[in-house]
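This report refers to the structure that appears directly beneath it.
Computation of the quantities below employed the complete heavy-atom set of this structure, encompassing side-chain atoms and omitting hydrogens, waters and symmetry-equivalent molecules. Throughout, residue positions are numbered sequentially from 1 according to the sequence presented. When a ligand or atom number is given, it counts from 1 through the structure's own listing order.
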Amino acid sequence: MVVLITGANGQLGNAIRSIVDKYSSIDFVFCASTELDITNKKNCFTIFEKYNPNYCINTAAYTAVDKAENEPEKAFDINTNGAQNLAEVCKEYNTILLHISTDFVFDAYFSNGIAYYDRELRLPLKSKFGLQETDVPFPSGVYGLTKLQGEQAIQNIWDKYYIIRTSWVYSEFGNNFMKTMLRLASERDTLSVVDDQIGTPTYAVDLAEILIKICVTSNGFEKVVANFGIYNFSNEGSCSWYEFAKEIFNQKGINIKLKPISTSAYPTPAKRPAYSVLDKTKIKAVFNLSIQDWKISLLKCLQKV
Ligand SMILES: NC(=O)c1ccc[n+]([C@@H]2O[C@H](COP(=O)([O-])OP(=O)(O)OC[C@H]3O[C@@H](n4cnc5c(N)ncnc54)[C@H](OP(=O)(O)O)[C@@H]3O)[C@@H](O)[C@H]2O)c1
């Protein structure tokens, strides 16, 4: 089985690379942006002709959420056109596409006309189990919009896809919230962190394991056509960014004065979802998974940094 990974030098690409030794029956092909630029259709076809992959895991993306507000064309080119190119080449080569999407396809408050988040209760109004795959997306920024359009482009072109929406990804690789907190704690005595955005941290290595498990369990895909579609994945549980930071410092034994602040006290160019906890019922049932609580996965990760 050949599994091709795009965006191989990114955080998730590196997380996948870190677990390949466990899967000796898979030939992994890691393509960094220098070898495979997903915005270049000809480049996509040349690479697929060379490797003829059974699976393509698209981790490549424009992920600079705030910068995207000023570079919408670039974000669109990578997140939408890039996803479209991959869907086209996957269709041509009968390759199953695993595409990573985001909780940012959901707006803070409304989906399908229903308000989701109760600031006082810290719960979505509709369900206390989080956002489901069938909830109507409603992105509020350029990044979320271009990611949603990428999902739609894939769905319009190719049937054999898994779109995995995830949230708050961190790891020992690349840049992420956990590493930023550790760096800031080494530079400052006090930190203020937003306490009114609720979501679930996702350890990139846990996500990597699930992606490979999907490839392994769906190999010989004629049997599982009905399972293609959109899936949510994050770790279990939920917290605010402030609570995430607090847990990082607790687990690392770092003494720092941490102040909870509201989103309005920390304005950013792109609006963030106030509530983006993802309901994982579907992925757990279809792929027979148990998912670790975010605090346990954080501990695993912090042992490596
Ligand atoms: N990080 C999060 O918190 C988060 C949350 C939810 C969903 N996601 C999604 O998870 C996926 C993986 O994110 P990540 O954290 O691994 O992101 P990342 O660390 O920013 O990695 C993205 C990778 O994409 C590559 N890339 C950019 N443009 C490309 C192009 N035209 N062709 C090929 N590769 C290109 C980048 O390569 P260069 O550096 O060489 O440009 C980079 O290595 C993305 O789809 C993202 O939207 C992330």
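A pairwise comparison of heavy atoms in Leu4 and Thr6 identifies CD2-CG2, 3.9 Å as the closest pair.
Applying the salt bridge (charged side-chain N to carboxylate O under 4.0 Å, His left out) test to residues at least two apart or on different chains, the pairs with a partner in residues 283-292 are Glu236-Lys284. Listed by first and then second residue, the ring pair (Phe, Tyr, Trp, His ring centres under 6.0 Å) pairs involving residues 285-305 are Tyr162-Phe287, Tyr231-Phe287, Phe244-Trp294 (not counting sequence neighbours).
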N/O contact list for ligand 1, threshold under 3.5 Å:
unit_1	atom_1	unit_2	atom_2	d
ligand 1	3 (O)	Val169	N	3.0
ligand 1	15 (O)	Gln11	NE2	3.0
ligand 1	16 (O)	Gln11	N	3.2
ligand 1	16 (O)	Leu12	N	2.8
ligand 1	19 (O)	Gln11	N	2.9
ligand 1	20 (O)	Thr63	OG1	2.6
ligand 1	24 (O)	Ala61	N	3.2
ligand 1	31 (N)	Asp37	OD1	2.8
ligand 1	32 (N)	Ile38	N	3.0
ligand 1	40 (O)	Ser33	OG	2.5
ligand 1	43 (O)	Gly10	N	3.0
ligand 1	45 (O)	Ile100	O	3.2
ligand 1	45 (O)	Lys147	NZ	2.7
ligand 1	47 (O)	Tyr143	OH	2.7
ligand 1	47 (O)	Lys147	NZ	3.0

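Annotation: cation-pi geometry satisfied between Arg17 and Phe30 (NZ/CZ under 6.0 angstrom from ring centroid, within 45° of ring axis).
Counting heavy-atom neighbours within 6.0 Å of Lys300 NZ, excluding the residue itself, gives a total above 12.
In this structure Phe249 satisfies the ring pair (Phe, Tyr, Trp, His ring centres under 6.0 Å) test with no other residue, sequence neighbours excluded.
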